[in-house]
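Have a look at the structure below before the remarks.
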Amino acid sequence: MNMLEIEKKWQKIWDETKLNEFDGNTDKKYYCLEMFSYPSGSNLHIGHWYNYGLSDSFARYKRMKGYSVFQPMGFDAFGLPAENYAIKTGIHPEDSTIKNIATMEGQLRRMGGMFDWTKEIKTCMPDYYKWTQWVFLKLFEKGLAYRKEAPVNWCPSCSTVLANEQVIGGECERCGSQVIKKNLTQWFLKITDYAEELLTCIDKLDWPEKTKLMQKNWIGKSVGAEVVFKTESNKEFKVFTTRIDTIFGVSYVVLAPEHPLVKEITTADQRAAVEDYAMQTAKANEIERLSSDREKTGVFTGAYAINPANGKKVPIWVADYVLYSYGTGAVMGVPAHDERDFGFAKKYNHPVTKVISDGNEDTVLPYTEDGVLVNCGEFDGLRGEQARLAIIDKLAENGLACKKVNYRLRDWLVSRQRYWGAPIPIIHCPHCGDVAVPYEDLPVKLPYDVEFKPDGKSPLAKHDGFMHTTCPKCGKPALRDSDTLDTFVCSSWYFLRYADANNAEKAFDTEIINKMLPVDKYIGGAEHACMHLLYARFITKALRDMGYLNFDEPFTSLVHQGVILGPDGNKMSKSKGNVVMPDVYVNEYGSDIFRLYLLFGFNYTEGGPWSDDGIKSVAKFLDRVERLFDKTLTLNDDGADIIGEAEKEVEFVLHNTIKAVDRDMDVFSFNTAIARLMECVNALTKYEALPTKNNKLLKDSINVLIKLLAPCVPHFAEELWSKLGNTSSVFKEQYPVYDPAKTVKDQIEYAVQVNSKLKTRLVLSKSLNKAEIEQAVLNDANVLSILDGAQIKKVIVIPERLVNIIV
RNA sequence: GCCGCUGUGGCGGAAUAGGCAGACGCAAGGGACUUAAAAUCCCUCGCCCUCAAAAGCGUGCCGGUUCGAGUCCGGCCAGCGGCACCA
């Protein structure tokens with residue numbers, strides 16, 4: 001069969017008959033969504049193919065199972081790489097992106113996926129980002145978007161903001177200068193308002209357990225207390241702690257170097273040291289700062305605070321292991337009961353005061369478990385939670401402490417000082433402040449003619465025509481926000497837009513998406529576990545609370561595909577020169593064979609190094625199927641009444657194949673599904689070679705086989721299906737159903753073990769109960785000779801599997 | 001460093017709920033067919049010792065639970081993903 005030819009033929013027919021479009025039956029809808037891709041490079045790479053091609057087999061399987069499958073496709077088209085490419089080559093991001101999308105669309109069409117192109121999305125087009133801006137304004141209206149100062153990576157030499165990716169070992173990737181942190185006023189989305197719901201709803205999701213766990217840890221709920229410390233000069237700051245029971249052991253407190261109070265309290269003789277330390281801190285990234293490996297450093301501010309629990313005076317330090325963005329940006333140091341504080345105290349000679357006992361006179365310090373309070377006055381003898389509550393109650397009398405739940409999750413910073421993104425639809429008016437662009441004025445269009453070479457200002461800030469406008473409230477001159485939105489904002493609602501992608505009036509129609517959503521199966525990389533997947537959940541919940549939709553979670557069920565590595569076992573990258581392009585194989589073998597190889601050669605969720613060793617083998621497999629098909633095509637219906645051992649075996653294999661392939665396809669275990677199909681073909685080929693056979697049974701079996709193969713080799717199966725004389729698509733057929741009675745045999749082979757070592761096998765009737773199995777085994781002549789009169793202590797019978805005799 | 005995951009023949013990978021490790025396939029070797037090659041078909045194929053059988057060893061390493069561990073528990077080692085401006 002000429003695969004390339006038939007693929008073209010069927011793709012044309014599928015287009016003409018609109019086979020790939022959603023049929024509108026929302027009662028039986030199955031929304032199957034693959035994470036859309038960034039149109040980088042300009043070519044579909046193996047990772048795309050692995051995600052889209054194989055998910056398409058799943059979607060086709062679901063369709064044959066009777067669902068009305070909706071499988072849309074689109075592009076996450078804004079982002080940094082296109083802008084960097086523009087800086088390097090001068091090619092405008094819009095031009096390169098649109099060209100790349102066109103190439104990828106062509107490749108996706110040649111894949112033969114069942115994508116509904118009538119609902120295509122490109123996030124960089126005004127008809128999409130208009131609604132991204134609408135989402136932002138809705139959040140702003142709801143009080144879920146706000147501005148505050150936050151640090152960015154700043155290269156002083158290039159005068160530009162750098163992405164984390166562009167900072168290599170603390171230096172600018174372009175010029176090698178030391179990168180520093182610089183504060184800018186930026187937009188944040190209040191995802192923390194939803195921290196608790198985002199956490200509790202995780203349990204309801206049909207997601208990989210590891211992903212759920214990672215997201216829970218990312219949200220990082222901890223229950224504790226907030227305690228007010230006062231300085232000697234009567235300034236206040238708050239400390240968050242989960243261990244307020246250790247507060248009598250505080251021997252110092254630490255503020256993050258960025259903490260605003262630091263400037264106010266630092267004494268004159270310490271000022272130089274503290275400022276120098278803060279500058280050093282600005283050079284470090286968070287991963288470094290939080291590394292528990294790294295030697296802890298800190299500097300004394302010269303100021304003192306009063307421990308509210310016992311009135312003791314303790315020194316206030318700054319140290320970079322305290323992050324201003326977590327908790328209150330201040331911690332209490334209790335060296336006797338915290339590993340990190342212990343190390344810090346040893347280094348800087350802070351006293352170590354034991355206030356928790358493990359019951360022994362000489363508790364080994366640091367002792368970090370719960371224990372009994374000692375040297376804590378009225379609280380002595382209390383322990384753990386009881387002690388914590390008592391201390392909070394006491395301090396609360398004077399307003400110095402309260403129970404507090406803290407989350408590691410931070411608000412989502414969405415401002416980007418870049419060109420290639422959706423403009424933030426806010427106007428800064430000198431009189432009225434931050435004013436939303438009126439909805440009727442959306443989209444705020446991204447101007448084409450900008451200078452994106454880095455020179456200290458955001459590209460949009462340099463575009464006068466864009467920047468200068470009038471305030472919608474007071475009509476006086478005002479400036480637009482010069483930043484664009486993080487591309488994660490674009491991708492945090494696209495799954496809603498797909499369902500109503502061509503709506504020119506609204507982002508989406510509530511009634512439509514309430515029927516089409518949530519997504520029934522979402523497929524994409526595990527690298528999105530904490531960010532994209534959490535942002536999408538947040539936006540869904542926020543829109544729900546504004547009445548735009550009625551479901552709580554966007555993605556009911558989630559699967560991560562694995563990563564296909566280069567042949568050398570490393571991640572594919574241009575710089576390593578190990579990139580494998582799917583086109584090479586698609587052009588040589590056709591997309592069905594390439595797809596089948598990907599299905600068969602890897603565990604879908606694990607991926608692995610690329611090798612094309614087996615690609616010929618799946619091509620040969622399809623040849624075998626075709627030969628078998630051709631031999632049976634012209635057969636008459638002779639032998640319909642022959643039902644002997646061989647026929648029973650054929651039925652046994654066939655029905656077990658249906659059962660196993662159905663089960664495997666449903667859980668993305670494609671490699672085992674193909675293995676079962678190969679076994680089935682082997683069995684049918686063997687049967688076909690018999691001199692007398694039941695032709696009807698054979699032909700019926702081939703018919704079933706084609707349907708089982710169809711999701712995995714769609715063009716090939718469609719071709720065979722039409723050769724059988726069918727005029728409608730095989731994808732309109734119902735998936736085969738197995739007969740349970742035909743999947744069992746009445747004889748079962750048992751493994752016989754003696755002292756857990758396999759000694760022999762024994763075929764017994766399936767109908768025997770445990771006691772009868774034991775009797776049958778112990779009476780077997782062969783078993784008796786193996787036992788050789790040994791004393792039997794115990795016999796373990798596992799029905800339908802094995803018998804273990806302990807002697 | 002922190003959070004999460006993975007580790008099985010020469011290779012890709014299988015092993016419902018703790019029950020016969022290595023399904024299915026690749027590569028390799030041997031054979032049939034052929035003038036020859038390709039294609040196709042048949043056989044062998046974890047390691048070790050063997051003519052063969054039997055025994056022994058074997059799922060990254062060390063230990064534990066169990067009649068029985070690739071699977072559960074504890075401790076290591078190696079690799080991968082994420083760590084909030086790559087998407």
Side-chain angles (χ1 to χ4, degrees), chain A residues 35-38 40 76 78-81 84 152-153 161-167 186 191 208-218 220 285-294 325 408-418 486-488 490-491 524-532 534-535 560 562-563 565 569-571 597 600-603 605-611 613-618 620-621 623-624 627 663 669 671-679 682 689 749-761 793-796 798 800-806:
Chain A
M35 288 180 186
F36 64 172
S37 61
Y38 180 77
S40 67
D76 189 12
F78 276 137
L80 186 64
N84 285 340
V152 293
N153 298 312
V161 176
L162 298 177
N164 287 342
E165 191 191 45
Q166 299 174 292
V167 182
Q186 308 191 71
I191 191 172
E209 285 307 318
K210 62 166 187 171
T211 309
K212 299 207 277 188
L213 192 55
M214 276 191 277
Q215 226 176 69
K216 281 183 186 178
N217 291 339
W218 182 267
N285 69 37
E286 275 183 25
I287 294 173
E288 290 160 4
R289 285 176 67 170
L290 287 173
S291 169
S292 43
D293 242 17
R294 183 162 163 263
S325 56
R408 207 185 70 97
L409 182 67
R410 308 202 291 250
D411 277 340
W412 174 15
L413 195 169
V414 296
S415 295
R416 296 291 181 271
Q417 295 71 41
R418 298 184 201 291
D486 177 10
T487 55
F488 275 127
C490 308
S491 60
E527 67 274 18
H528 292 294
C530 294
M531 300 181 71
H532 162 63
L534 198 60
Y535 296 148
H560 295 305
V563 180
L565 305 169
N570 292 306
K571 214 175 160 178
Y597 177 59
F600 181 57
F602 302 86
N603 171 313
T605 57
E606 282 171 18
W610 171 258
S611 151
D613 282 352
I615 195 158
K616 282 202 177 74
S617 78
V618 298
K620 275 197 246 171
F621 168 65
D623 283 345
R624 280 207 301 280
R627 276 201 299 278
R663 190 219 307 126
S669 183
N671 55 348
T672 54
I674 305 299
R676 296 292 87 83
L677 286 165
M678 287 174 166
E679 285 174 324
N682 291 345
E749 190 186 66
Y750 280 82
V752 178
Q753 297 179 332
V754 176
N755 286 343
S756 307
K757 293 224 160 113
L758 181 66
K759 292 292 176 187
T760 184
R761 294 163 210 280
K793 279 197 198 152
K794 192 175 168 187
V795 179
I796 294 151
I798 308 296
E800 302 191 27
R801 291 211 182 258
L802 62 71
V803 176
N804 188 6
I805 304 162
I806 311 301

Check whether the side chains of A/Asn153 and A/Asn164 place a donor and an acceptor atom closer than 3.5 Å, and report yes or no. yes

For a quick check of understanding: with a heavy-atom distance under 4.0 Å over all strands, which category does [X] fall into, base, sugar-phosphate or nothing?
X: A/Ser415; result: base
X: A/Glu527; result: base
X: A/Arg627; result: sugar-phosphate
X: A/Met678; result: sugar-phosphate
X: A/His528; result: base
X: A/Gly607; result: sugar-phosphate
X: A/Arg408; result: base
X: A/Leu409; result: base
X: A/Trp218; result: base
X: A/Gln186; result: base
X: A/Gln166; result: nothing
X: A/Ile798; result: base
X: A/Val152; result: base
X: A/Leu80; result: sugar-phosphate

Between [atom1] on residue [X] and [atom2] on residue [Y], distance to nearest 0.5 Å:
X: A/Arg416; Y: A/Phe488; atom1: CZ; atom2: CZ; answer: 8.5 Å
X: A/Leu80; Y: A/Tyr38; atom1: CG; atom2: OH; answer: 7.5 Å
X: A/Trp610; Y: A/Phe602; atom1: CH2; atom2: CZ; answer: 5.5 Å

Rounded distance in Å between the [atom1] positions of [N] and [M]:
N: B/G13; M: B/A78; atom1: P; answer: 23 Å
N: B/C5; M: B/G60; atom1: C1'; answer: 15 Å
N: B/A55; M: B/G63; atom1: P; answer: 25 Å
N: B/A39; M: B/C26; atom1: P; answer: 12 Å
N: B/C33; M: B/U40; atom1: C1'; answer: 9 Å
N: B/G18; M: B/C67; atom1: C1'; answer: 12 Å
N: B/A28; M: B/G81; atom1: C1'; answer: 36 Å
N: B/G22; M: B/G10; atom1: C1'; answer: 14 Å

Per the 3.5 Å Watson-Crick/G-U criterion and a run length of at least three, the stems involving RNA chain B are B:1-7 with B:77-83, B:10-12 with B:24-26, B:28-32 with B:40-44, B:60-64 with B:72-76

Check this for me: does the side-chain of [X] come within 3.5 Å of the base of [N] through a donor and an acceptor?
X: A/Gln417; N: B/C85; value: yes
X: A/Glu286; N: B/C2; value: no
X: A/Arg676; N: B/C24; value: no
X: A/Asp613; N: B/C11; value: no

Sidechain-backbone polar pair: [X] side chain, [Y] backbone, donor-acceptor under 3.5 Å:
X: A/Glu606; Y: A/Asn603; value: no
X: A/Gln215; Y: A/Lys212; value: no
X: A/Asn285; Y: A/Glu288; value: yes

Would you mind calling B/G30 syn or anti? Take O4'-C1'-N9-C4 for purines or O4'-C1'-N1-C2 for pyrimidines, and syn is within 90° of 0. anti

Distance test, side-chain N/O of [X] to OP1/OP2 of [N], below 4.0 Å:
X: A/Asn682; N: B/C24; answer: no
X: A/Asn671; N: B/A14; answer: yes
X: A/Arg410; N: B/A84; answer: no
X: A/Thr672; N: B/A14; answer: no

Can you tell if the side chain of A/Ile191 reaches within under 4.5 Å of the side chain of A/Leu534, non-hydrogen atoms only? yes

Expressed as a whole number of angstroms, how long is the span from [X]:[atom1] to [N]:[atom2]?
X: A/Leu162; N: B/A84; atom1: CG; atom2: C1'; answer: 17 Å
X: A/Met214; N: B/C83; atom1: CE; atom2: P; answer: 11 Å
X: A/Asn603; N: B/U59; atom1: CG; atom2: P; answer: 21 Å
X: A/Leu565; N: B/G12; atom1: CG; atom2: P; answer: 12 Å

Please compare A/Val563 and A/Glu606 by the position of their nearest nucleotide in RNA chain B and report the one closer to 5'. A/Glu606

Contact nearer the 5' end of RNA chain B, comparing A/Asn217 with A/Ile674: A/Asn217

Do the side chains of A/Arg289 and A/Glu286 get close enough for a salt bridge, i.e. N-O under 4.0 angstrom? no

Enclosure of A/Arg801 CZ (heavy-atom neighbours >12, cutoff 6.0 Å): no

For residues A/Tyr750 and A/Ile798, report the shortest heavy-atom separation together with the two atoms involved. CE2-O, 3.7 Å

With respect to the side chain of A/Lys571, which nucleotide from B/C26, B/A87, B/G81 is positioned closest? B/G81

